[in-house]
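Working notes, beginning with the structure itself.
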2 protein chains.
Amino acid sequence: MRIGELAELAGTSARALRYYEAQGLLRARRTSNGYRDYGEDDLRVVREIRSLLALGFGLEETRPFVECLRDGHEAGDTCPDSIAVYRRKLGELDACLERMRTVRDHVARQLEGALRERAAAGPAVPVLESGEPRCFFSVGNGVRGEGV
Amino acid sequence: MRIGELAELAGTSARALRYYEAQGLLRARRTSNGYRDYGEDDLRVVREIRSLLALGFGLEETRPFVECLRDGHEAGDTCPDSIAVYRRKLGELDACLERMRTVRDHVARQLEGALRERAAAGPAVPVLESGEPRCFFSVGNGVRGEGV
DNA sequence: CTAGACCCTGACACCGACGTCAACGCCAAC
DNA sequence: GTTGGCGTTGACGTCGGTGTCAGGGTCTAG
């Protein structure tokens with residue numbers, strides 16, 4: 001299949017696929033006219049990458065999973081290197097969670113204190129609205145996670 | 001005082017202070033030779049900014065606090081707009097925490113499953129080390145939090 | 001007079017995962 | 001033939017909060 005089709009099947013863009021290739025995560029055969037040509041296993045690789053990215057992994061961190069798949073394993077996370085990445089990520093997530101809980105509580109206390117400080121002053125703060133309260137997070141680098 | 005002194009007192013850099021000024025958060029009088037000249041209230045403003053940034057607030061989100069201080073209030077978080085920012089941030093933090101817990105559990109289950117899949121294959125994955133497991137997080141934009 | 005420690009403005013570098021545009025080639029349908 | 005939808009490479013833009021350098025000026029101590 002060609003790049004557009006693969007992109008659609010994997011729920012991403014052709015640009016992203018070329019990027020993965022530039023990073024050495026994807027390799028493409030070429031047809032006589034120079035077009036990239038992909039197979040089913042490439043689709044599996046891209047799906048693996050996408051699901052890991054969605055969890056907040058960095059692209060570089062998906063490499064062991066990709067290589068694991070390419071080595072013929074039916075799942076990308078059964079190889080030692082992949083498992084090590086899982087472990088590291090888990091530790092980072094726990095550290096981040098703890099940190100965020102600390103910050104959350106700190107902000108909550110600040111808010112509480114600020115509210116106590118003044119009896120009534122403004123025209124009733126409008127609670128909370130803010131279009132989309134999306135949560136971007138990144139652990140260790142600048143990678144952003146979105147949907148599970 | 002001049003910019004270098006203010007930077008040191010506030011625990012930041014002159015570059016950062018010039019940036020805050022460019023964003024309209026800081027205003028500086030100038031001495032006859034063109035040097036920026038700051039007072040005690042500027043120090044309080046910068047400290048407010050720094051502590052909010054450290055909590056993961058975006059620079060733009062510190063604006064209400066700065067204006068609140070500039071309006072003569074003894075604390076930057078007693079004005080309605082500041083409180084609204086606190087509220088919004090709290091909501092974002094809660095959403096982010098929930099999201100991260102979901103991801104954490106997902107990764108944990110993946111790891112567990114991957115471990116069950118294969119009896120023994122690698123030379124015992126080395127548990128977890130990774131120099132500094134620092135937790136960067138950003139809520140709503142690209143701002144990074146560090147120390148409380 | 002000169003070295004050195006400040007200050008100034010302006011501008012590029014950074015990080016990651018792409019989006020987007022330019023300028024072009026390939027191919028099928030009309 | 002030509003329109004239009006695909007593909008190609010290359011390169012710059014994005015987002016924030018600075019670091020860092022370049023190329024100047026200012027002031028003070030020796």
Side-chain angles (χ1 to χ4, degrees), chain A residues 1-26 28-38 46 48-63 66 92 134-147, chain B residues 1-26 28-38 46 48-63 66 132 134-147:
Chain A
M1 78 186 84
R2 294 185 299 181
I3 199 170
E5 190 180 356
L6 178 58
E8 184 149 12
L9 287 178
T12 182
S13 67
R15 175 69 179 94
L17 299 184
R18 294 196 193 99
Y19 181 64
Y20 300 157
E21 182 178 325
Q23 304 307 307
L25 290 169
L26 212 50
R29 294 164 294 286
R30 298 295 184 125
T31 59
S32 56
N33 56 14
Y35 287 12
R36 272 167 258 253
D37 184 31
Y38 299 100
V46 177
E48 183 87 21
I49 293 176
R50 297 303 296 181
S51 62
L52 289 171
L53 285 186
L55 287 176
F57 286 63
L59 197 49
E60 205 46 51
E61 294 175 316
T62 71
R63 194 176 298 275
V66 169
E92 289 173 354
R134 297 163 63 179
C135 168
F136 296 116
F137 60 91
S138 57
V139 183
N141 47 25
V143 181
R144 289 141 175 265
E146 276 243 22
Chain B
M1 77 187 84
R2 293 185 300 181
I3 198 169
E5 189 179 357
L6 177 58
E8 184 147 14
L9 288 177
T12 182
S13 66
R15 175 70 178 91
L17 299 184
R18 294 195 194 99
Y19 181 64
Y20 301 157
E21 181 177 325
Q23 303 309 304
L25 290 169
L26 212 50
R29 294 162 295 283
R30 299 293 184 126
T31 58
S32 57
N33 56 15
Y35 288 10
R36 271 167 260 253
D37 184 31
Y38 299 101
V46 177
E48 183 88 22
I49 292 175
R50 297 302 297 180
S51 62
L52 290 171
L53 285 185
L55 288 176
F57 286 63
L59 243 194
E60 206 46 51
E61 294 175 316
T62 72
R63 193 176 299 273
V66 169
E132 6 110 71
R134 297 163 64 181
C135 169
F136 297 116
F137 61 91
S138 58
V139 184
N141 48 23
V143 182
R144 288 141 173 260
E146 278 242 23

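Please read all numbers here as calculations on a predicted model, not as lab measurements. Convention: sequence-line order gives letters A, B, ...; per-chain numbering from 1.
- Although no hydrogens or angles enter the test, the distance criterion places no donor-acceptor pair under 3.5 Å between the side chain of Asp37(A) and the main chain of Arg2(A).
- Applying the side chain to side chain contact (heavy atoms under 4.5 Å, CB included) test between Arg36(B) and each of Met1(B), Arg29(B), Arg18(B) identifies Arg18(B) as the sole match.
- Note: CD (Glu61(B)) to P (dC15(D)) measures 16 Å, nearest angstrom.
- The interatomic distance linking Ile3(B) (CD1) with dA5(C) (C1') rounds to 15 Å, in whole Å.
- Remark: P of dC7(C) and CE of Met1(B) are 12 Å apart, rounded to the nearest angstrom.
- Among the nucleotides dC7(C), dT8(D), dG16(D), the one closest to the side chain of Arg30(A) is dT8(D).
- Between the OH atom of Tyr20(A) and the P atom of dG16(C) there is a distance of 14 Å, rounded to whole Å.
- A distance-only check finds a donor-acceptor pair linking the side chain of Arg63(B) to the backbone of Gln23(B) [under 3.5 Å].
- One end of the helix from dC1(C)-dG30(D) to dC30(C)-dG1(D) points its axis 40° away from the other end's axis, with each axis taken from 5 pairs and the angle rounded to 10°.
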I'd like a table of atom pairs between the protein and nucleotides 19-21 of chain C - only N or O on both sides, under 3.5 Å - with the distance next to each one.
| from | atom 1 | to | atom 2 | distance (Å) |
| --- | --- | --- | --- | --- |
| dG19(C) | OP2 | Ser13(A) | OG | 2.6 |
| dG19(C) | N7 | Arg15(A) | NE | 3.2 |
| dG19(C) | O6 | Arg15(A) | NE | 3.4 |
| dG19(C) | O6 | Arg15(A) | NH2 | 3.0 |
| dT20(C) | O4 | Arg15(A) | NE | 3.0 |

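- Within the structure, a side-chain polar atom (N or O) of Arg50(A) is placed less than 4.0 Å from OP1 or OP2 of dC18(C).
- In this structure, Arg36(B) reaches the dC8(C) phosphate: one of its side-chain N or O atoms is under 4.0 Å from OP1 or OP2.
- Taking a 6.0 Å sphere around CD of Glu21(B), one finds it holds more than 12 heavy atoms contributed by other residues, nucleotides or ligands.
- Atom CG in Leu59(B) sits about 13 Å away from atom C1' in dC15(D), given to the nearest Å.
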Protein-nucleotides 22-29 of chain C N/O pairs under 3.5 Å:
| from | atom 1 | to | atom 2 | distance (Å) |
| --- | --- | --- | --- | --- |
| dG25(C) | N2 | Tyr35(A) | OH | 2.8 |

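- dA17(C) atom C1' lies 15 Å from atom CG of Leu26(A), rounded to whole Å.
- Remark: P of dG5(D) and CZ of Arg2(A) are 14 Å apart, rounded to the nearest angstrom.
- Taking atom CD of residue Glu21(A) and atom P of nucleotide dG7(D), one finds them 14 Å apart after rounding to whole Å.
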